Amino acid sequence: DGSGYEAYVGRWSRRVAERFLPWLEAPHPGTWIDLGCGTSVLTRAILELEDPTSVLGVDPSVAFLASARNATPDSRATFVPGRAGSLPLPDRSADVGVAGLVLLR
């Protein structure tokens, strides 16, 4: 369930994204991957601040993906299950990849 995550992490993730995204100096318009998208806080900031062609949100949590879909009505955003080691797309198919709060093991 993404509601607990939103209350704990989502509330400050937006503020971090507002500084992080301009720092990237990403190409406009571009295609993005948000690896470990969680409930879509960073994805929504990308859509608002970067005006991308598309954003693919990838996360292993089906519950977080459901929350992300509900919170992000923008047709440029797509959310799919996946992990960093096996992204569900071809190599070099995105201009920008971000992983805001991802833990890898």
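Just the heavy atoms: all of them, side chains too, but no hydrogens, waters or symmetry mates, feed the values below. Everything numeric in this text was worked out from a predicted model, so none of it was measured.
Between P81 and L65 the shortest side-chain heavy-atom distance falls below 4.5 Å. Residues L87 and L35 form a side-chain contact, since some pair of their non-hydrogen atoms from C-beta on lies under 4.5 Å apart. Considering only heavy atoms from C-beta on, V98 comes within 4.5 Å of F20 through its side chain. In this structure the side chain of L47 reaches within 4.5 angstrom of the side chain of P52, judged on heavy atoms. Residues F64 and C37 are not in side-chain contact: their nearest non-hydrogen atoms beyond the backbone lie 4.5 Å or more apart. A heavy-atom distance below 4.5 Å is not found between the side chains of S54 and W32. Annotation: side chain of T53 is not in contact with side chain of R76 (no heavy-atom distance under 4.5 Å). Two residues are said to be in side-chain contact when any heavy atoms from C-beta on lie closer than 4.5 Å; L56 and D34 fail this criterion.
No side-chain donor-acceptor contact under 3.5 Å links S40 to the backbone of T43. In terms of modelled atom types and a separation under 3.5 Å, the side chain of T72 and the main chain of R44 share no donor-acceptor contact.
Scanning both residues, A17 and P22, for their nearest heavy atoms gives O-CD, 4.1 Å. For the pair A26 and V96, the tightest heavy-atom approach, listed with the atom from each and the gap, is CB-CG2, 3.6 Å.
Note: L49 CG to L42 CG = 9.5 Å, rounded to the nearest 0.5 Å. Note that the CG atom of D95 and the CD atom of E50 stand 12.0 Å from one another [nearest 0.5 Å].
Contacts of N70 classified as side chain to side chain donor-acceptor pair (under 3.5 Å), with partners at least two apart in sequence or in another chain: none.
For R14 and E18, the salt-bridge test passes: some basic side-chain N is under 4.0 Å from an acidic carboxylate O.
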